[in-house]
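The block underneath contains the structure these notes are about, expressed in structure tokens.
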Amino acid sequence: MNAALTFDAEHPDRPHCPGWVAGHILEILQRFEVRATFFLQGRWVEAYPHLAREIAQNGHRIGSHSFYHVRMRLLSDEGVASDLRQAAEVIERTTGVDPRPWFRCPWGECADDPRLTGILEALGYRHVGWDVELDEWDVARTPREIEEAAITGVLSRGQGTIILLHTWPASVPSALPGIIERLRAAGTDFVTLDELSRPAGAHACGPNARGHP
């Protein structure tokens with residue numbers, strides 16, 4: 001069974017988000033020899049170019065998470081396209097990696113909006129949702145609760161599960177080793193989206209979920 005760890009790298013909007021979290025996540029993934037998929041917000045890349053480059057250098061897959069992380073349904077067609085192009089330009093300039101075809105819409109809003117998915121497709125992108133959301137952005141969630149939610153979610157969903165995480169909650173580095181160790185012990189291989197094998201009939205984008213507020 002395989003599963004994909006995916007991380008939204010964006011500016012935090014909650015308390016208790018120390019600046020060391022993203023770097024610690026990368027250290028843990030390297031220690032366990034896990035390759036993940038990171039959806040990079042363009043403005044985050046501008047703020048943390050060293051981390052963006054490290055993500056690429058460590059062999060993780062890079063996708064786009066827009067430039068401004070706004071509610072894209074509020075933008076015009078040209079506004080959406082401009083945001084995507086701006087994000088792609090800064091991501092590729094900084095990391096040397098083209099983020100296409102993977103895109104995660106802020107709050108997952110693209111999944112059920114034909115206008116937005118049409119713009120994405122015209123620019124060479126596919127929206128990626130998620131199957132398991134750990135709510136680790138919630139300050140009240142403990143690392144143990146996050147770990148248990150990951151184990152239960154992946155084992156119940158099975159083959160090709162996409163897990164949603166973020167690079168800023170302080171609880172993530174504490175929960176991540178247990179998630180990796182326990183799921184590996186249960187027979188899970190961690191892969192990037194490029195390598196993910198989904199069940200017949202399942203879409204690569206996965207079902208849409210509400211995401212963090």
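Everything quoted here is computed from the prediction, not taken from an experiment.
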Taking C-beta and beyond as the side chain, do [X] and [Y] meet within less than 4.5 Å on heavy atoms?
{"X": "Pro99", "Y": "Leu40", "answer": "no"}
{"X": "Thr192", "Y": "His60", "answer": "no"}
{"X": "Glu92", "Y": "Val97", "answer": "no"}
{"X": "Ile163", "Y": "Asp131", "answer": "no"}
{"X": "Ile179", "Y": "Leu134", "answer": "yes"}
{"X": "Ile151", "Y": "Leu155", "answer": "yes"}
{"X": "Phe103", "Y": "Arg126", "answer": "no"}
{"X": "Val128", "Y": "Phe39", "answer": "yes"}

Mind running side-chain contact (heavy atoms from CB on, under 4.5 Å) on Gln57 and Thr95 for me, showing each step along the way? CA-CA 8 Å; Gln57 290 165 358; Thr95 68; over 6 Å; no

Tell me if a side-chain donor or acceptor on [X] pairs with a main-chain N or O of [Y] at a distance below 3.5 Å.
{"X": "Thr188", "Y": "Arg184", "result": "no"}
{"X": "Asp135", "Y": "Asp138", "result": "no"}
{"X": "Ser156", "Y": "Gly153", "result": "yes"}

Are [X] and [Y] in one and the same hydrophobic cluster, where Ile, Leu, Val, Met, Phe, Trp and Tyr link if side-chain heavy atoms are under 4.5 Å apart?
{"X": "Val21", "Y": "Leu29", "result": "yes"}
{"X": "Leu176", "Y": "Trp20", "result": "yes"}
{"X": "Phe190", "Y": "Ile162", "result": "no"}
{"X": "Ile25", "Y": "Tyr48", "result": "yes"}
{"X": "Phe67", "Y": "Ile119", "result": "yes"}

So is Arg14 actually on top of Trp168's ring, under 6.0 Å and inside 45° of the axis? no

Could you go through Asp112 and Arg73, starting from their C-alpha distance and side-chain angles, then the distance that decides it, and tell me whether this counts as salt bridge (charged side-chain N to carboxylate O under 4.0 Å, His left out)? CA-CA 11 Å; Asp112 58 355; Arg73 286 176 173 163; 2.3 Å; yes

Any chance the side chains of Glu195 and Asn2 put a donor and an acceptor closer than 3.5 Å? no

Residues in salt bridge (charged side-chain N to carboxylate O under 4.0 Å, His left out) contact with Asp98, at least two apart in sequence or another chain: Arg100

For atom CD of Gln30, is the number of surrounding heavy atoms from other residues, nucleotides or ligands below 6.0 Å larger than 12? no

Should we say atom NE2 of His16 is surrounded by more than 12 heavy atoms from elsewhere, each under 6.0 Å from it? no

Atom CZ in Arg141, atom OG in Ser171: separation rounded to 0.5 Å? 9.0 Å

Between [X] and [Y], which heavy-atom pair has the shortest distance, and what is it?
{"X": "Ser174", "Y": "Ala170", "answer": "OG-O, 4.3 Å"}
{"X": "Ile62", "Y": "Ala56", "answer": "CD1-CB, 3.8 Å"}
{"X": "Glu109", "Y": "Arg71", "answer": "OE2-NH1, 2.7 Å"}

Stepwise, does the salt bridge (charged side-chain N to carboxylate O under 4.0 Å, His left out) test hold for Glu78 with Arg85? CA-CA 10 Å; Glu78 180 51 39; Arg85 292 189 189 103; 3.6 Å; yes

Between Arg93 and Glu89, is the closest basic N to carboxylate O distance under 4.0 Å? yes

Yes or no on side-chain contact (heavy atoms from CB on, under 4.5 Å) for Trp102 and His127, after CA distance, side-chain angles and deciding distance? CA-CA 6 Å; Trp102 306 121; His127 169 64; over 6 Å; no

Residues Leu26, Phe38; criterion side-chain contact (heavy atoms from CB on, under 4.5 Å); working and verdict: CA-CA 11 Å; Leu26 290 175; Phe38 285 80; 3.7 Å; yes

Would you check if the distance from the ring center of His69 to the ring center of Trp44 is below 6.0 Å? no

Would Glu10 and Arg43 satisfy salt bridge (charged side-chain N to carboxylate O under 4.0 Å, His left out), going step by step from the backbone distance to the final call? CA-CA 8 Å; Glu10 63 200 22; Arg43 291 184 62 249; over 6 Å; no

For Arg182 and Glu147, run salt bridge (charged side-chain N to carboxylate O under 4.0 Å, His left out): C-alpha distance rounded to whole Å, both residues' side-chain angles, the deciding distance at 0.1 Å, then the answer. CA-CA 9 Å; Arg182 291 176 63 188; Glu147 179 182 329; 2.9 Å; yes

Worked verdict on Asp83 versus Met72 for side-chain contact (heavy atoms from CB on, under 4.5 Å): CA-CA 9 Å; Asp83 183 277; Met72 305 197 84; 3.9 Å; yes

